[in-house]
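Since the structure comes first, as structure tokens, the remarks are kept for the end.
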2 protein chains.
Amino acid sequence: MNIGSIAKRSGLPAKTIRYYESIGLIPPALRSEGNYRTYSEHDLQTLKFVQRARGLGFSVKDVGKLLTLWQDRRRASAEVRRLAQEHVGEIDRKIEELKGMRRTLTHLIDQCHGDHRPDCPILDDLAGPGRHAH
Amino acid sequence: MNIGSIAKRSGLPAKTIRYYESIGLIPPALRSEGNYRTYSEHDLQTLKFVQRARGLGFSVKDVGKLLTLWQDRRRASAEVRRLAQEHVGEIDRKIEELKGMRRTLTHLIDQCHGDHRPDCPILDDLAGPGRHAH
DNA sequence: AAGTGGGCTTCCCAACGCTGGAAGGTCAAG
DNA sequence: CTTGACCTTCCAGCGTTGGGAAGCCCACTT
């Protein structure tokens with residue numbers, strides 16, 4: 001299986017697969033006589049694993065840890081659980097940050113009549129404190 | 001006022017201010033005899049504006065647009081409002097994406113006993129369909 | 001045998017928004 | 001005059017790709 005086929009089947013672009021190899025996230029692929037990367041079904045499983053973990057927002061670094069744990073049959077599930085929980089914590093922080101922005105913005109938008117006139121509470125607020133109460 | 005002072009007062013690191021100047025987000029600062037950047041109170045207002053807009057998650061590019069609108073006394077507030085609404089849309093998309101990840105992760109975490117044993121539904125799920133350890 | 005077209009290779013550059021560091025100039029105080 | 005804090009420019013890198021150039025490989029047709 002060449003990189004194009006495994007790319008389609010794993011859902012990861014060929015470029016990304018080469019990148020993951022270059023940074024050591026996945027081991028170097030075997031090469032054919034013509035120097036093409038060749039992949040097995042097992043490699044496909046690995047790449048699918050990576051794709052799903054990335055889809056859940058894990059950093060490439062954390063995906064590396066997960067891969068190691070996955071391949072270690074003696075790992076403690078607590079370790080995986082802890083990684084996942086930390087990640088949920090990060091996600092929660094991001095959500096809260098975004099919600100804060102959202103609150104402020106919608107509040108400002110509500111106050112802005114949004115017509116042809118230049119008066120604009122949004123800009124007024126960005127321009128500095130003391131012009132509007134939140 | 002040198003860059004260090006305005007950095008402290010605006011909340012933006014000196015490096016960042018130089019960077020903003022280099023990409024044209026803010027106009028080049030006047031220079032002292034010794035080639036130091038010198039800033040006025042007006043510049044401070046501009047930098048504070050930038051800092052607040054960035055804090056609301058606007059991209060540097062959009063901050064540029066907001067600055068232009070801010071300085072144009074004839075602008076229509078509708079333009080600003082539209083920019084802000086688009087930004088809220090982006091924020092909503094990000095929040096939904098994160099919430100989706102969060103849902104999946106917490107579901108998996110709930111199923112993982114998280115002790116010393118190797119059995120781990122989180123990894124089983126990442127490994128793909130049909131591989132559930134039951 | 002030669003050509004054609006697609007896939008593969010490596011390498012470099014761009015993107016985002018900074019951040020760090022090196023090498024050196026300026027300034028005020030002791 | 002020296003020290004040390006501040007400033008200058010330039011270069012490089014972070015993370016995760018995506019784009020594209022230049023060239024090799026392979027299977028197919030003519």
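Note that this is a predicted model, so its numbers are computed, not measured. Numbers restart at 1 for each chain; the letters A, B, ... are given by sequence-line order, proteins then strands.
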Considering only NZ, NE, NH1 and NH2 on the basic side and carboxylate oxygens on the acidic side, decide whether A:R93 and A:E97 come within less than 4.0 Å. no

Any salt bridge between A:E41 and A:R9, counting N to O under 4.0 Å?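 Salt bridge present between A:E41 and A:R9.
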
Quick one: is [N] close enough that its OP1 or OP2 comes under 4.0 Å of any side-chain N or O from [X]?
X	N	result
A:Y20	D:dT17	yes
B:T16	C:dG17	no
A:S59	D:dG15	no

[atom1] of [X] versus [atom2] of [N]: gap in Å, rounded?
X	N	atom1	atom2	result
B:I26	C:dG17	CD1	P	15 Å
B:I17	C:dG20	CD1	P	15 Å
B:L25	C:dC18	CG	C1'	13 Å
B:Y19	C:dC16	OH	P	8 Å
A:R54	D:dT16	CZ	C1'	7 Å
B:M1	D:dC7	CE	P	12 Å

Produce a footprint string for nucleotides 7-13 of chain C: one letter per nucleotide, 5' end first; B if the base is under 4.0 Å from any protein heavy atom, S if only the sugar-phosphate is, - if neither. BSBBB--

Please assess B:S5 against B:N2 for the test side chain to side chain donor-acceptor pair (under 3.5 Å), listing each intermediate value before the final yes or no. CA-CA 6 Å; B:S5 324; B:N2 285 343; 5.9 Å; no

Surrounding NE2 of B:H107 (heavy atoms of other residues, nucleotides or ligands, distance under 6.0 Å), is the total greater than 12?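 For B:H107, atom NE2 is not crowded (no more than 12 foreign heavy atoms under 6.0 Å).
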
Counting heavy atoms not belonging to B:R31, are there more than 12 under 6.0 Å from its CZ?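 For B:R31, atom CZ is crowded (more than 12 foreign heavy atoms under 6.0 Å).
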
Using a cut-off of 4.0 Å on non-hydrogen atoms, how would the nucleic acid contact of B:S32 be classed: base, sugar-phosphate, or nothing?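 Nothing, no nucleic acid heavy atom in range.
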
Separation between CG of B:L123 and CD of A:Q71, rounded to the nearest 0.5 Å: 10.0 Å

When you look at B:L83 and A:I122, which way does the side chain to side chain contact (heavy atoms under 4.5 Å, CB included) test go after all the steps? CA-CA 10 Å; B:L83 257 177; A:I122 300 173; over 6 Å; no

On DNA chain D, check which nucleotide each of A:E33 and A:L12 is closest to and give me the residue with the more 5' one. A:L12

